Amino acid sequence: MGEREVTRGYLALLLPLAALWGASFLFIKVAVRDLEPSVVMECRLALTALALLPLLLVGRRGFVRADLRAVAFPGVVLGVVNSAIPFTLIAWGETHVDSGVAAIANASTPIWVALVAIPLLPSERASGLKLVGIVLGLVGVGVLTGAQPSAGGWAILGTLAVVLASFCYGASNIWLQPRFPTDRIVALVTLSMAVGAVALLPLALVQLPSSAPGWKPVGSVIALALGGTSVGLLVYYRMIERYGSARASLVTYLAPVAALAYGIGLLGESLTAAKVLGLLLILGGVALGSGIVRPLRRAVPAAPTA
């Protein structure tokens with residue numbers, strides 16, 4: 001497969017995933033207005049596991065038990081470190097910051113991938129233009145952060161909660177890559193969602209609402225589970241399998257861009273110069289950090305022949 005085909009395949013996964021995950025922050029924001037973060041994420045995890053179970057049974061008929069055994073250990077680790085904990089941290093963070101700020105804070109994931117890779121996964125270490133791309137993207141994140149309203153100490157804590165969730169994502173992705181169960185992505189995601197739901201269940205039961213929620217939070221949780229999680233995680237793990245965790249994690253640069261677009265188009269939010277500049281910087285960071293854009297190399301003259 002040529003480099004152009006690889007780039008086209010990468011973008012075909014990257015852009016739809018960014019659109020899905022950008023919308024996820026909006027769905028979370030709507031849901032946590034009426035439901036506790038643990039309840040929202042418990043429903044998200046449980047619904048995702050249930051939605052993926054038929055796909056697992058049909059797609060790998062006769063091999064389900066073997067598949068689940070093969071992904072048991074990474075499924076348990078990811079269910080807690082990559083699902084239950086970061087999902088809840090982001091939802092809690094969004095009780096104190098808006099969805100755009102949460103999406104922006106989540107864009108720190110590639111930096112954590114790069115830092116955790118230093119001792120654990122040398123093949124994923126960022127250097128040269130890729131490192132420049134990561135820094136450029138984070139500069140764009142900073143510009144966008146400056147364009148968001150602040151609300152004091154709780155907003156800082158909410159943002160830090162999302163950053164901590166991003167660290168969980170980055171660290172777990174680096175940990176997973178050398179252990180990635182090829183051809184068992186559905187089994188891995190299904191098991192990790194089920195494990196995450198079990199791990200979060202005690203806290204969710206304590207925080208159940210006293211009355212039935214309205215259709216908006218219910219619809220948001222369903223959309224979050226089926227779109228941003230079920231489809232989104234399958235696409236994301238396919239990206240890790242094909243292109244590595246560093247390039248896959250760059251989707252978190254585009255997620256805040258998508259969240260910003262939804263806010264402007266659906267919620268009537270204003271478009272400022274700072275937001276446009278942040279958008280351009282983030283897209284530039286993605287292009288360089290993923291290797292899509294590379295410098296032109298000067299041709300080396302051929303050695304004279306006798």
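Treat the numbers as computed from the prediction; the structure is a model and nothing was measured.
Contact annotation: the side chain of V231 never approaches that of L226 to less than 4.5 Å [non-hydrogen atoms, C-beta and beyond]. When side chains are defined from C-beta on, L89 does not count as touching F167, because their heavy atoms never get closer than 4.5 Å. Side-chain atoms of M41 and L224, non-hydrogen and from C-beta on, do get closer than 4.5 Å to each other. Here the side chains of L56 and L52 are not in contact, with every heavy-atom distance at 4.5 Å or above. Contact check for P16 versus V235: no side-chain heavy atoms found under the 4.5 Å cut-off.
L17 CG to L11 CG: the interatomic distance, rounded to the nearest 0.5 Å, is 12.5 Å. For the atom pair CH2 (W92) and CG (L157), the distance works out to 5.0 Å, reported to the nearest 0.5 Å. Expressed to the nearest 0.5 Å, how far CD1 of I240 lies from CG of L188 amounts to 9.0 Å. To the nearest 0.5 Å, the span separating CG on L205 from CG on L200 amounts to 9.5 Å.
A single hydrophobic cluster is not seen to contain both V198 and V77; linkage of ILVMFWY side chains at heavy-atom distances under 4.5 Å, directly or through other members, places them apart.
Listed by chain and number, the residues in a side-chain hydrogen bond (donor to acceptor under 3.5 Å, both in side chains) with N106 are S166 (sequence neighbours excluded). Listed by chain and residue number, V195 satisfy the side-chain contact (heavy atoms from CB on, under 4.5 Å) test with V76 (two or more places apart in sequence, or in another chain). With sequence neighbours left out, the side-chain hydrogen bond (donor to acceptor under 3.5 Å, both in side chains) criterion links T229 to R44. Residues meeting the side-chain hydrogen bond (donor to acceptor under 3.5 Å, both in side chains) test with Y236, sequence neighbours left out: N173. By the salt bridge (Lys or Arg N to Asp or Glu O under 4.0 Å) test, R238 is found to be paired with E241, residues two or more places apart in sequence or in another chain being considered.
Residue A84 comes nearest to A199 through the heavy atom pair CB-CB, 4.5 Å, listed as atom of the first residue, atom of the second, then distance. A pairwise comparison of heavy atoms in L191 and L68 identifies CD2-O, 4.1 Å as the closest pair. Looking at every heavy atom in both residues, S230 comes nearest to T48 through OG-CG2, 3.3 Å. The heavy-atom pair separating P54 from L50 by the smallest distance is CD-O, 3.1 Å. Closest of all the heavy-atom pairs between A18 and L254 is CB-CB, 3.5 Å. Scanning both residues, L78 and S172, for their nearest heavy atoms gives CD2-CB, 3.9 Å.
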Problem set entry | Residues N82, L176; criterion side chain to side chain contact (heavy atoms under 4.5 Å, CB included); working and verdict | CA-CA 10 Å; N82 198 58; L176 173 65; over 6 Å; no

Donor-acceptor contacts under 3.5 Å from residues 19-38 side chains, at least two apart:
{"residue": "W21", "atom": "NE1", "partner": "G228", "partner atom": "O", "Å": "2.7"}
{"residue": "S24", "atom": "OG", "partner": "L20", "partner atom": "O", "Å": "3.0"}
{"residue": "K29", "atom": "NZ", "partner": "E94", "partner atom": "O", "Å": "2.8"}
{"residue": "K29", "atom": "NZ", "partner": "V97", "partner atom": "O", "Å": "2.9"}
{"residue": "S38", "atom": "OG", "partner": "Q207", "partner atom": "OE1", "Å": "2.4"}

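Aromatic ring orientation, W154 versus H96: parallel (interplanar angle below 30°, classes split at 30° and 60°).
Between the side chain of Y243 and the backbone N or O of Y10 there is at least one donor-acceptor pair closer than 3.5 Å. Put simply, the side chain of T190 never gets that close to the backbone of A187: no donor and acceptor are under 3.5 Å apart.
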